[in-house]
Amino acid sequence: MKVTFPHIGQVYIPASLILKELGIPCVIPPENSYEALERGKAVSPEEMCLPFKLMTGNLIQAYEKGAERVLMTATMGPCRLGEYGELMKQILDKSGYAMDWILLDSPRAIGSAEWLRRLGRAGQDRRVSGLKACDILTRGVFLMRRIDAAERQLKARAGYAEDPRRCIRMLRRFRQELRAAASLKDAFAAAARFEDAVKRLPLNWKKDPVRVLITGEIYTSIEDIANRSLEETLMGLGCSVRRPVNVSWWMKHTVKAALPELHKTRGAWLPYSIGGYAKETIEEMRRSQEDGIIKIMPAGCMPEIVAKAASASLEEAQGKRVLHLIFDEMQAGAGYETRVEAFVDMLERRKRVFPGN
Ligand code: SF4
C-alpha cells in the first residue's frame with residue numbers, strides 16, 4: 001500500500017527516506033502551497049484551524065497521486081487536535097478520498113502497547129528485518145534532530161553575519177539538497193556540509209543584533225507557508241532568531257509526556273494544559289531573555305487564543321515586548337512584513353536608547 005502523510009516543515013525528508021529504506025512505497029504530497037490550502041478549505045468546516053485545512057489539502061493531493069494509506073501522528077489532546085485525525089478521516093471519506101488510516105496518537109493517550117501495535121501495522125509492508133527497521137527509524141530520528149540543530153544554529157548566527165541574506169540563501173540551498181537526497185546517507189552528508197558552511201560563515205561578533213524569540217502554535221511555527229516565512233523575514237532584517245519549538249522538540253516532549261511524571265511543574269501564568277502547546281508557549285515567553293517575542297498562531301486556534309490572554313499579564317508583569325501575529329487564510333503577506341519590520345525597528349531603537357534594558 002502506498003503510504004502518505006501530511007506536511008509539517010522538513011519532516012517529509014526523513015519520513016520519506018525512512019519509508020524508502022524500509023521498502024514501503026510512499027507518496028509525498030506536493031509541497032505545501034496555497035493550492036493545498038484551497039483544496040483543504042473546499043471540504044473542511046469553515047471554523048476549523050488553518051493547519052487542519054492545509055493538512056487536509058495535502059492528503060487530497062497525495063490521494064490524487066495514488067496514496068492508499070495515511071500515516072499520521074495525533075495527540076488526543078483537549079484542543080481540536082484531539083479529534084483531528086478522526087475528523088479528517090471522516091471528511092475525506094465522505095468527500096470521496098477514502099484511504100486506510102493509521103493514527104499514531106500519543107503513547108500517553110493510548111498506552112504504549114497500543115502505540116507499538118499501530119506502529120507495527122504501519123511497518124507491516126516493510127521488506128527488511130525488525131532489527132534493520134529499528135536501525136533505519138533511529139537514523140531517521142537522528143537526521144531530523146541534526147537538521148533542526150543545524151538550522152537553529154544558523155538562525156541564531158544570522159544576526160552576527162556580515163551578510164544576513166547569505167544565511168537565507170544557505171538555508172534554501174540546504175533544503176534543496178535535502179530534497180534531492182536519495183537516501184538517509186545522502187541526507188546526512190548534506191547536513192554535514194551545511195554544518196560546515198554554518199561554522200565557516202563570516203561573522204562579526206561586535207554586532208549587537210536584535211534577538212527575537214518565535215513561539216506559539218507548533219504547526220504555524222514550523223511550517224513556512226503557514227507563517228509567511230517569518231524566520232526569513234527576520235533574518236533578512238539582521239535579527240538573531242530563536243524558535244525552540246521544532247520537530248525534535250515535539251519528539252522529545254512526546255516521549256517525556258509518556259513517562260511517569262516525577263515533578264509536576266505548574267506555571268504561574270497558565271498552570272494547566274489546555275490543548276496544543278499553549279502552556280509551553282507561555283513558559284517559553286516567561287523564560288525568554290530575547291529583546292522581543294513574536295507569538296504566532298493560526299486563525300481558529302483555540303489553545304493559543306487562551307495563551308494570548310495569559311500572555312497579557314505576563315507582558316505587563318515582566319515588561320516583555322511581544323508582537324502577536326494571527327495568520328489567516330488570506331494570501332497577502334505585505335501586512336505581516338510591515339508589522340514585523342516596525343516591531344524590529346522599535347526593538348532596535350530601544351536597544352540604542354536604553355542599552356542593557
Ligand atoms: S493547537 Fe490550534 S492550530 Fe493546532 S490543532 Fe489545536 S486548534 Fe488547531
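For ligands, and for the atoms within them, numbers begin at 1 and follow the listed sequence. Side chains are part of it too, since the values below use all heavy atoms of this structure and drop only hydrogens, waters and symmetry mates.
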Mark up the atoms of ligand 1 that fall under 4.0 Å of a heavy atom belonging to [X], in ascending order.
X: P298; value: 3 (S)
X: P303; value: 1 (S), 2 (Fe), 7 (S)
X: P51; value: 3 (S)
X: G276; value: 1 (S)

Residues K295, E304: salt bridge by 4.0 Å N-O rule = yes
At a non-hydrogen distance cut-off of under 4.0 Å, which region of C49 contacts ligand 1 (side chain, backbone, both, or neither)?
->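 It is the side chain that gets close, since no backbone atom is under 4.0 Å.
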M302 contact mode with ligand 1 (heavy-atom cut-off under 4.0 Å) |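 Contact part for M302 vs ligand 1: backbone (N, CA, C, O).
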Heavy-atom gap E304 to ligand 1 smaller than 4.0 Å | no
Give, for atom CD of E177 and atom CD1 of I13, the distance between the pair rounded to the nearest 0.5 Å.
-> 11.0 Å
Ignoring hydrogens and geometry, is there a side-chain-to-backbone donor-acceptor pair from K308 to H324 under 3.5 Å?
->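 Not a single qualifying donor-acceptor pair exists.
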Taking the side chain from K41 and the backbone from K53, do they hold a donor-acceptor pair closer than 3.5 Å?
->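 The answer is no, because no donor-acceptor pair under 3.5 Å joins these two groups.
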Does the separation of the ring centres of F142 and F188 fall below 6.0 angstrom?
-> no
What class does the angle between the rings of Y336 and F327 fall in, given that below 30° is parallel, 30 to 60° is tilted and above 60° is perpendicular?
-> parallel
Pick whichever of M55, E217, M48 has a heavy atom sitting closest to atom 3 (S) of ligand 1.
-> E217
